[in-house]
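First the proteins, then the strands, lettered A, B, ... as listed; each starts at 1.
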Amino acid sequence: MTETAIEFVDVVKRYGSATAVDRISFAIAKGELVTFLGPSGCGKTTSLRLIAGLELPTDGQVRIAGRDVSRDPASERNVGMVFQSYALFPHMTVLDNVSYGPTIRGVAKTEARDRARAILDQVGLGGLEARLPSELSGGQQQRVAVARAIVQQPDVLLFDEPLSNVDAKLRRKVRAEIRDLQQRFGLTAVYVTHDQEEALAVSDRIVVMKMGQIAQIGTPAELYERPASAFVADFIGDANLIEGRVQDGTFTAAHLALPVTAEDGIVTATIRPERIRLASGGAATIRSASYLGSRMEYVVQDENLEFLVSRPISDPRLAPGDKVDLQLDPSDLILVRQDT
Amino acid sequence: MRSLSLTSERAGHAWLVLLVLSLSAFPWYKDASLIAGPGASALFEALSGRGWFWPLIVTTALLGAASLTRSWQASNLALGLGLAAGVFYVWQGFAIGLRGPSAAWVGDLFARAQDGQTGLGWGGFLAGIALIGLLSDFVAARGFCRGERFPAFCITAIVALLTVFVFFPILKLGLAAFVDTDGNLALATFWARLSAPDLWGVGCFFGDGRCGVVVNTVVLGVLSATFATALGLALALLVNRTDFRLKRALRAVSILPIITPPFVVGVAIILLFGRTGLVTGFVADLMGVRPSRWIYGLPGILIAQVLAFAPVTFLVLLSTLEAINPTLEEAARTLGARSMKTFRTVTWPLLRPGLAAAFLLAFIESLADFGNPIVLGGGYEVLSVKIFFAVVGARYDLGNAATLAMILLALTLIAFWLQTRWIGRKSYVTVTGKSDAGLAAPLPPALKVAVIAVIIPWVIFTLAVYIIIATGGFVTDIGRWDLTPTFSHLETAFRFEFVENGLQLYGSAWDSMITTLWVAGLAAPLTTLIGILTAWLVSRQDFAGRRAFEFGTMLSFAIPGTVVGVSYVAAFNIPPVDITGTAAILIICFVFRNMPVGMRAGIAALAQIDKSMEEASQTMGAGGATTLRRVVLPLIRPAVFTALVYSFVTAMTAVSAVIFLVSARHNMATAYIMGRVEAGEYALAIAYSAVLMIVMILCVVIIQVIVGTRKLGRRQELQGRPAQQPAE
Ligand SMILES: Nc1ncnc2c1ncn2[C@@H]1O[C@H](COP(=O)(O)OP(=O)(O)O)[C@@H](O)[C@H]1O
Ligand SMILES: [Mg+2]
């Protein structure tokens with residue numbers, strides 16, 4: 001088993017009567033990149049700040065590198081953080097920004113500058129040391145922020161929505177750079193985002209959060225293929241959610257009746273849009289068809305159920321009003337308990 | 001090079017060591033030097049019969065024992081002991097007074113209690129600081145201020161300081177109102193003082209006799225605020241709604257009253273309108289009327305106050321006018337409204353909240369004003385002057401002064417409360433702030449005439465007053481129009497000679513001038529430090545009781561200077577904090593009176609700066625103090641400058657509180673000038689004032705050079721946001 005870098009044990013954070021983080025526990029292994037994913041306001045940033053020490057937990061324990069740091073202020077933890085706004089010091093040059101941390105921690109000035117220069121070279125900013133942050137482009141500023149966060153070899157590197165200030169076009173490139181850097185330096189990293197595609201692309205594991213609690217933890221593939229709840233299924237990728245019940249090995253919902261292996265009870269069946277096949281001539285009707293370049297997306301009405309279906313562009317093209325037959329493979333159905 | 005930081009585990013031990021030293025190595029009582037040796041320490045005093053130190057000493061010893069355990073700072077035991085030590089510390093100070101025990105059982109318990117004790121000295125004050133440090137350390141260890149020791153210490157210390165130097169004196173003063181001259185509770189006396197006819201009489205309205213001092217004060221306040229608001233409005237309209245060219249000059253002139261020492265405007269008015277005044281004489285010759293003393297009393301005070309407060313109302317109303325969206329007025333005009341009608345139906349209602357704010361501000365200033373009424377009052381008594389004479393006059397009556405002070409405080413607080421209600425209410429004036437969408441409506445012609453009619457006399461008057469101030473000190477006797485240039489007044493005040501053994505200062509004003517510079521020079525940086533620190537705590541730290549903390553700091557600003565002065569007299573000429581007659585009391589008084597201004601400036605500046613920059617600094621290992629010094633202060637330099645200049649200038653020119661606190665050894669310039677005015681040496685007073693103004697301007701320039709201006713002005717950068725430049 002690999003070493004644990006960060007551990008939350010029943011951590012609670014309340015602001016007055018509002019609970020931002022509600023009794024969560026997880027462990028992050030050394031060298032791992034873990035993403036906190038969830039809708040806005042679910043407690044991602046708060047969890048990240050709890051790791052950094054910018055908030056202290058109301059209850060529970062935060063451990064970094066095996067040590068209980070629950071009551072330690074940020075300045076006494078060894079974390080690096082890249083802020084959403086980058087938070088570069090506008091009155092200091094790039095070099096001073098990056099060597100700030102080491103000088104604070106007692107490294108001699110010349111040595112700190114050497115370290116800063118080395119890191120700046122690594123992130124591709126060699127030659128810009130004397131500039132002020134305002135004289136850099138957005139992408140360069142972000143790299144300064146990253147350099148500043150990793151120059152002290154932190155126990156953990158934290159990112160709060162690092163791509164929100166980056167041009168939509170550049171996001172893919174920048175996130176690949178971040179991932180590459182994290183692996184090159186062997187850093188433990190925690191990454192906050194509300195964008196599931198981004199999370200799937202960069203993470204070793206994802207912590208899906210909902211209203212201050214953890215909905216599910218797993219690798220991207222686990223979350224996509226075996227969501228633990230309708231919420232996760234819906235949040236990670238697209239999913240059709242069908243509410244129904246299981247009785248004697250059969251799932252029934254409206255006119256559907258599919259054989260499954262599950263206990264009796266009320267459940268939600270989820271099925272990914274790309275797992276549904278369409279054959280022409282059936283009882284269902286195409287309500288709408290969207291051309292998305294690489295694939296077609298259809299909304300199909302089958303009696304009183306509505307399905308989102310995604311088909312490769314190479315399939316025969318269908319148009320609204322066409323009659324189709326929906327073909328579901330029961331083995332593609334994932335049954336989850338009803339969300340409460 | 002590792003910077004010394006309070007954020008280490010050792011901080012708790014350091015405070016504990018300081019506490020132990022303060023109890024055992026330094027003299028506990030005042031009037032002994034720091035290095036007098038342990039013989040006068042609390043421990044030795046306790047061993048020689050002053051047993052009231054034992055609870056504190058024993059608790060400290062227990063704390064020492066507790067500190068040997070692991071993570072003791074977070075333990076309940078340590079917190080309990082720390083709080084107990086705090087209680088015993090306060091108790092030892094109040095249990096035994098100057099002349100003996102405050103309660104019989106204390107006297108029975110301790111042999112030497114009958115001897116009494118004097119005020120705290122080095123040991124006593126250091127012990128207080130150490131206790132504050134320890135307690136802040138304990139609460140930080142429990143997660144207060146997110147576990148950071150520096151802000152926790154600052155908050156604890158500022159709360160303690162506010163308690164000692166703002167709330168305790170006011171409380172003490174409030175109590176003084178209820179006791180008679182022997183110190184016994186006397187509700188009847190209080191009632192007699194409160195209901196005295198010379199307070200509430202309204203005879204003057206009915207033509208038979210005089211009005212009470214409270215009525216006088218309120219009448220003066222209302223009149224003065226009304227005229228000052230009207231004048232301020234005229235000036236604001238002139239600047240904002242006409243193509244008047246000298247706007248910058250007008251703004252500069254509006255700063256003048258701030259650096260004008262008190263009394264000197266009053267003196268100028270006397271020289272112009274007094275019985276032998278220049279204008280009086282001129283008018284008497286021209287019209288054949290008998291010169292009279294009409295200027296002494298309500299008219300004189302009113303003129304001086306309107307002159308002094310108009311700049312404040314001007315600035316408030318100017319910002320209100322600037323915030324009015326021109327499109328509203330434009331809309332009214334396109335609907336066919338005539339310009340007068342537009343003004344009446346659109347502009348005026350939008351101005352009303354600003355007018356109310358300006359009025360209340362001037363009213364509050366009028367209540368607090370001491371300098372003008374004492375020079376120009378004649379028989380017209382107001383509260384601030386009456387309080388002064390109750391303490392400083394022939395009949396020392398603290399109880400009476402306290403009662404009057406409480407009335408003045410109540411009036412001020414009511415006005416403040418009304419003001420926060422008016423300003424706090426959301427107004428629809430500032431929907432979009434300044435807008436380029438249209439031009440402000442020009443003034444209706446009739447109004448323009450009215451504005452000019454108000455302003456011309458004001459300009460002439462201001463000119464006359466300041467010409468007298470500028471020249472009066474350098475001619476033989478301006479009051480009698482003897483304009484022979486002379487340096488004799490200056491020489492009386494500031495004569496000096498170079499002799500063999502260096503510079504010799506002979507002038508009578510040197511002492512007060514030097515003290516004033518020292519006091520202002522020390523008070524200004526301290527005031528700025530505490531003000532900016534408080535601003536940072538209030539806007540950046542999330543701690544229990546933050547709102548109360550902010551309110552408490554503002555409250556010290558609301559208290560009129562005269563009230564602060566008597567409250568210090570009531571609180572600080574007896575143990576445990578006996579600092580009357582020192583320079584320290586002057587500095588402390590300025591620090592806590594002016595600190596809210598630095599705080600306001602700091603809060604406004606910090607609101608412009610992205611908080612995550614400080615958080616970034618923290619995650620890189622910087623404690624609160626380092627972050628403040630290396631990240632925050634460089635970015636809020638303008639606020640630091642404002643706070644420094646304001647607190648310096650105010651310390652140089654303040655009089656109302658200071659007049660109670662000066663002593664023969666530590667006299668202040670304003671108190672000296674007041675003495676000269678009372679003695680009728682007007683030319684000397686004017687000469688000194690002119691010198692004072694020049695010194696102040698020089699000092700402001702020096703502050704400007706030292707603090708400098710910030711390199712980066714762009715707002716966007718201050719937000720810490722990425723600049724909007726094309727990505728690579
Ligand atoms: N300083 C604070 N005071 C009060 N409530 C807060 C504070 N910070 C966050 N919250 C609340 O906690 C919840 C979680 O916030 P946050 O962690 O910022 O969400 P996310 O980053 O997932 O969008 C939100 O409901 C938010 O309003
Ligand atoms: Mg967030």
Inset, instruction - Sort Arg49(A) into side chain, backbone, both or neither according to what part of it lies under 4.5 angstrom from a heavy atom of chain B. - result: side chain
Inset, instruction - Please list, in residue-number order, every residue in residues 55-62 of chain A that has a heavy atom less than 4.5 Å from any heavy atom of chain B; write 'none' if there are none. - result: Glu55(A), Leu56(A)
Inset, instruction - Side chain from CB out, backbone as N, CA, C, O: work out which of these in Arg142(B) comes under 4.5 Å of a heavy atom of chain A, or both, or neither. - result: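 Just its backbone gets close to chain A.
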Inset, instruction - Could you look at Ala74(B) and say if it's the side chain, the backbone, both or neither that has a heavy atom under 4.5 Å from chain A? - result: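 Neither part; nothing is under 4.5 Å.
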Inset, instruction - Indicate whether the side chain of Ser612(B) and that of Asp610(B) have a donor and an acceptor atom separated by less than 3.5 Å. - result: yes
Inset, instruction - Please work out which of the three classes, parallel, tilted or perpendicular, describes the rings of Phe138(B) and Trp72(B), given edges at 30° and 60°. - result: perpendicular
Looking at every heavy atom in both [X] and [Y], which two are closest together, and how far apart are they?
X: Ser99(A); Y: Ala112(A); result: CB-O, 3.8 Å
X: Cys154(B); Y: Leu537(B); result: CB-CD1, 3.7 Å
X: Gly552(B); Y: Leu162(B); result: C-CD1, 4.4 Å
X: Arg149(B); Y: Ala11(B); result: CD-CB, 4.1 Å
X: Arg540(B); Y: Arg146(B); result: O-NH2, 4.4 Å

Inset, instruction - Given side chain to side chain contact (heavy atoms under 4.5 Å, CB included), test Val94(A) with Gln140(A) step by step and report yes or no. - result: CA-CA 10 Å; Val94(A) 168; Gln140(A) 288 169 330; over 6 Å; no
Inset, instruction - Pick whichever of Ala140(B), Cys145(B), Gly143(B), Ser617(B) has the most heavy-atom pairs under 4.5 Å with chain A. - result: Ser617(B)
Inset, instruction - Identify which of Gly101(A), Gly80(A), Ala145(A), Pro154(A) forms the greatest number of heavy-atom pairs closer than 4.5 Å to chain B. - result: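 Ranked by contacts with chain B, first place is Gly101(A).
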